[in-house]
Amino acid sequence: MQQQVVDKAGSVRKGEELNVDSVHNWLKEHASSSNPLLSAAIQTSDTLPKVTQYSGGASNWTYCLDYQGSNQDDGQKTSLILRRAPAGTKAKGAHDMGREYRLQHALKPVYRYVPEMLGLCEDERVIGTEFYVMEKFTGVIPRKNLPRGLKATELQTKQLCTNVLDSLIELHKVDYQKAGLEHLGKGGGYIERQISGWSARYSKAKTWNVPSGKKVMRWLENNMPANERICITHNDFRFDNMVLKPEDYTQIMGVLDWELATLGDPLMDLGNTLAYWVQADDDFLAQSTRRQPTHLPGMLSRKQVVAYYCKEMEIDVDDFTFYEVYGLFRLAGIAQQIYYRYHHKQTNNPAFKNFWIFIHYLMWRCNKAIKASGKP
């Protein structure tokens, strides 16, 4: 595989700079023999790392720390990933770095795609917020489009698509009780908590230029499924949170961004995934918001995804509308929380400027699906 298709971080956005000296000093103090990657990168060098930032961070901010030449054997750089909360007012319970770190640390032994956790800093005096450091997966991240120079056949694209779905299914099949992971979430009553929780979060973050969402909230509340299944859910399972193997980009190397993971309903997790799933025949507004290559020939449609998933999970679902509407509404809530920060000048990231238009569109999609379902 050509080197240019491997995902790389870029320049740090204005206003989102790290205090590199403080990070480096904290890493030097906390590097130990139990973390050989940290020791190799930091204890053998007094050189500050080169810091770059990943562009995909609409929620938490993600940086790459490159320690050049710290590996004495081959003289090459050692790279670490740092995750921190954004600046500004945050929703209660959001951007919890400690929870995200501990969840991945607990899940790593039973789910092979989780990165190795290397250190958690809960002292906000270091850089102004909690942060953690983890291993870096060097591979391909399929964002809005596949990297330039990477040519995929329709058969390869279909294989990538099913492998991504299989990695979600593998997560949902983890026996969390046997693995001692009951502490990851509250479990039962998940559906009701999600509907009431996202309704409250959307209403609290609402600005004057977006819909009230009350009709969608009432419909979701009145149409909650009587039965729920409980498993480990990722809740942000997208192609641009996958790292693909450089030698075979149809194979999954790692799964990133576990901020929202918990014990929840697997069909709601699938609904969350499909909210981002823009297929080839979607309208121009959907295409304009696409952030993963689900439009390519060979990708399954949303309907085909549901059929494939339910077959592999041995789940019968007569009507997926509730989960579809929930996923779209929840995405509107996430987008509105982000837009709220931009609207109130807590961030100046220009990518958030027109999120209010996207929220109108998501609400329109919710109402369209509700109308088609025929359920009051």
Query raised in the report: What do the steps show when you test Phe320 against Lys303 for side-chain contact (heavy atoms from CB on, under 4.5 Å), and what is the final call?
Result: CA-CA 9 Å; Phe320 197 76; Lys303 186 176 180 180; over 6 Å; no
Report task. Would you kindly say whether Asn145 and Arg290 are connected by a side-chain donor-acceptor distance under 3.5 Å? Result -> yes
Report task. Check the pair Lys50 / Tyr67 against side-chain contact (heavy atoms from CB on, under 4.5 Å), numbers first and verdict last. Result -> CA-CA 7 Å; Lys50 177 184 177 183; Tyr67 280 91; over 6 Å; no
**Report entry** More than 12 heavy atoms of other groups within 6.0 Å of Asp281 CG
**Finding:** yes
Report task. For Leu27 and Leu65, run side-chain contact (heavy atoms from CB on, under 4.5 Å): C-alpha distance rounded to whole Å, both residues' side-chain angles, the deciding distance at 0.1 Å, then the answer. Result -> CA-CA 11 Å; Leu27 287 171; Leu65 310 180; 3.9 Å; yes
Requested in this report: Walk me through it: do Trp61 and Phe131 pass the test ring-ring contact (aromatic ring centres under 6.0 Å, His included)?
Outcome: CA-CA 10 Å; Trp61 297 345; Phe131 68 90; over 10 Å; no
Requested in this report: Please check if the side chain of Asp236 supplies one atom and the backbone of Ala261 the other of a donor-acceptor pair under 3.5 Å.
Outcome: no
**Report entry** Between Tyr276 and Asn241: side-chain donor-acceptor atoms closer than 3.5 Å
**Finding:** no
Report task. Check whether Trp26 and Leu48 end up in the same hydrophobic cluster, where Ile, Leu, Val, Met, Phe, Trp and Tyr are linked by side-chain heavy atoms less than 4.5 Å apart. Result -> yes
Query raised in the report: So how far is it from Tyr326 OH to Leu274 CG, rounded to the nearest 0.5 Å?
Result: 13.0 Å
Query raised in the report: Would you say the side-chain atoms of Tyr132 and Gln104 include a donor-acceptor pair closer than 3.5 Å?
Result: yes
Query raised in the report: Within the distance-only criterion (no hydrogens, no angle test), does the side chain of Trp198 pair as donor or acceptor with the backbone N or O of Ala332 below 3.5 angstrom?
Result: no
Report task. Would you kindly confirm whether Trp356 and Phe329 end up in one hydrophobic cluster when ILVMFWY residues are joined by side chain heavy atoms under 4.5 Å apart? Result -> yes
Query - Note: Asp257-Arg238 ion pair, threshold 4.0 Å (strictly below) - result: no
**Report entry** Shortest non-hydrogen contact between Gln287 and Ala280, atoms and distance
**Finding:** NE2-O, 3.5 Å
Report task. Only counting residues at least two apart or in another chain, list the ones meeting side-chain hydrogen bond (donor to acceptor under 3.5 Å, both in side chains) with Ser301. Result -> Gln304
Report summary line: Output for pair (Leu146 CG, Ile141 CD1), nearest 0.5 Å, gives 12.5 Å
Query - From Lys245 atom NZ to Gln251 atom CD, the distance as rounded to the nearest 0.5 Å - result: 6.0 Å
Requested in this report: Kindly give the heavy-atom pair with the smallest separation between Leu118 and Glu135, and that separation in Å.
Outcome: CD1-N, 3.6 Å
**Report entry** N/O donor-acceptor pair under 3.5 Å between Thr347 side chain and Arg341 backbone
**Finding:** no
Query raised in the report: Checking Lys136 side chain against Ile81 main chain: does a donor-acceptor pair fall under 3.5 Å?
Result: no
Query raised in the report: Honestly curious: do Tyr323 and Met217 fall in one hydrophobic cluster under the side-chain, below-4.5 Å linking rule?
Result: yes
Query raised in the report: If you draw a 6.0 Å radius around CD in Glu182, do more than 12 non-hydrogen atoms from other residues or ligands fall strictly inside?
Result: yes
Query raised in the report: Does the side chain of Tyr176 come within less than 4.5 Å of Leu184's, by heavy atoms?
Result: no
Check: residues 168-175 side-chain donor-acceptor pairs under 3.5 Å, at least two apart:
residue : atom : partner : partner atom : Å
Glu170  : OE1  : Arg112  : NE           : 3.4
Glu170  : OE1  : Arg112  : NH2          : 3.0
Glu170  : OE2  : Arg112  : NE           : 3.1
His172  : ND1  : Tyr309  : OH           : 2.6
His172  : NE2  : Asp269  : OD2          : 2.8
Lys173  : NZ   : Glu312  : O            : 3.2
Asp175  : OD1  : Gln177  : N            : 3.3
Asp175  : OD1  : Lys178  : N            : 2.9

Query raised in the report: Can you find a side-chain donor-acceptor pair between Glu16 and Tyr63 that sits under 3.5 Å?
Result: no
**Report entry** Cluster check Leu155, Val164: I/L/V/M/F/W/Y, side chain < 4.5 angstrom
**Finding:** no
Query raised in the report: Gln336 side chain to Tyr202 main-chain N or O, any donor-acceptor pair under 3.5 Å?
Result: no
Query raised in the report: Any salt bridge between Asp240 and Lys144, counting N to O under 4.0 Å?
Result: no
Query raised in the report: Are Lys186 and Glu192 ion-paired here, with the side-chain N under 4.0 Å from a carboxylate O?
Result: no
Query raised in the report: So do the side chains of Ile370 and Val325 get within less than 4.5 Å of each other, counting heavy atoms only?
Result: yes
Query raised in the report: Can you tell me how far the CG atom of Asp96 sits from the OH atom of Tyr101, to the nearest 0.5 Å?
Result: 14.0 Å
Query raised in the report: Where the side chain of Thr62 meets the backbone of Arg83, is there a donor-acceptor pair that is under 3.5 Å apart?
Result: no
Query raised in the report: Where do Gln53 and Ser11 come nearest, in terms of heavy atoms and distance?
Result: CB-O, 4.0 Å
Requested in this report: Measure the CD1-CG distance between Ile334 and Leu362 for me, rounded to the nearest 0.5 Å.
Outcome: 10.0 Å
Query raised in the report: What is the ring orientation for Tyr340 with His344, classed by angle as parallel under 30°, tilted 30 to 60°, or perpendicular over 60°?
Result: tilted
Query - N/O donor-acceptor pair under 3.5 Å between Gln159 side chain and Thr250 backbone - result: no
Query raised in the report: Is the NZ atom of Lys108 crowded by more than 12 outside heavy atoms at less than 6.0 Å?
Result: yes
Query raised in the report: Is there a side-chain contact between Val140 and Asp7 (heavy atoms, below 4.5 Å)?
Result: no
Report task. Apply side-chain contact (heavy atoms from CB on, under 4.5 Å) to the pair Asp265 and Gln194, showing each step before the final yes or no. Result -> CA-CA 10 Å; Asp265 187 286; Gln194 288 299 295; over 6 Å; no
Requested in this report: Give, for atom CH2 of Trp219 and atom CD1 of Ile195, the distance between the pair rounded to the nearest 0.5 Å.
Outcome: 9.0 Å
**Report entry** Counterpart residues, ring-ring contact (aromatic ring centres under 6.0 Å, His included), relative to Phe358 (two or more places apart)
**Finding:** none
Report task. Please report the shortest heavy-atom distance between Val243 and Gly139, naming the atom on each side. Result -> CG1-CA, 3.8 Å
Report task. Check whether any side-chain heavy atom of Lys8 lies under 4.5 Å from a side-chain heavy atom of Thr52, and answer yes or no. Result -> no
Query - Expected output: side-chain His343 to main-chain Lys206 donor-acceptor under 3.5 Å - result: no
Report task. Verify the cluster assignment for Tyr190 and Val317: are they in a single hydrophobic cluster under the rule of side-chain heavy atoms below 4.5 Å apart? Result -> yes
**Report entry** Heavy-atom donor-acceptor pair, Ser203 side chain to Ala200 backbone, under 3.5 Å
**Finding:** no
Requested in this report: Taking atom NE2 of His295 as the centre, report whether more than 12 heavy atoms of other residues, nucleotides or ligands fall under 6.0 Å from it.
Outcome: yes
Query raised in the report: Between Asp166 and Tyr308, does any side-chain donor sit less than 3.5 Å from a side-chain acceptor?
Result: yes
**Report entry** Plane angle bin for Tyr111 and Tyr113 - parallel if under 30°, tilted between 30 and 60°, otherwise perpendicular
**Finding:** perpendicular
Report task. Taking Ser288 for its side chain and Leu285 for its backbone only, find out whether a donor-acceptor pair lies under 3.5 Å. Result -> yes
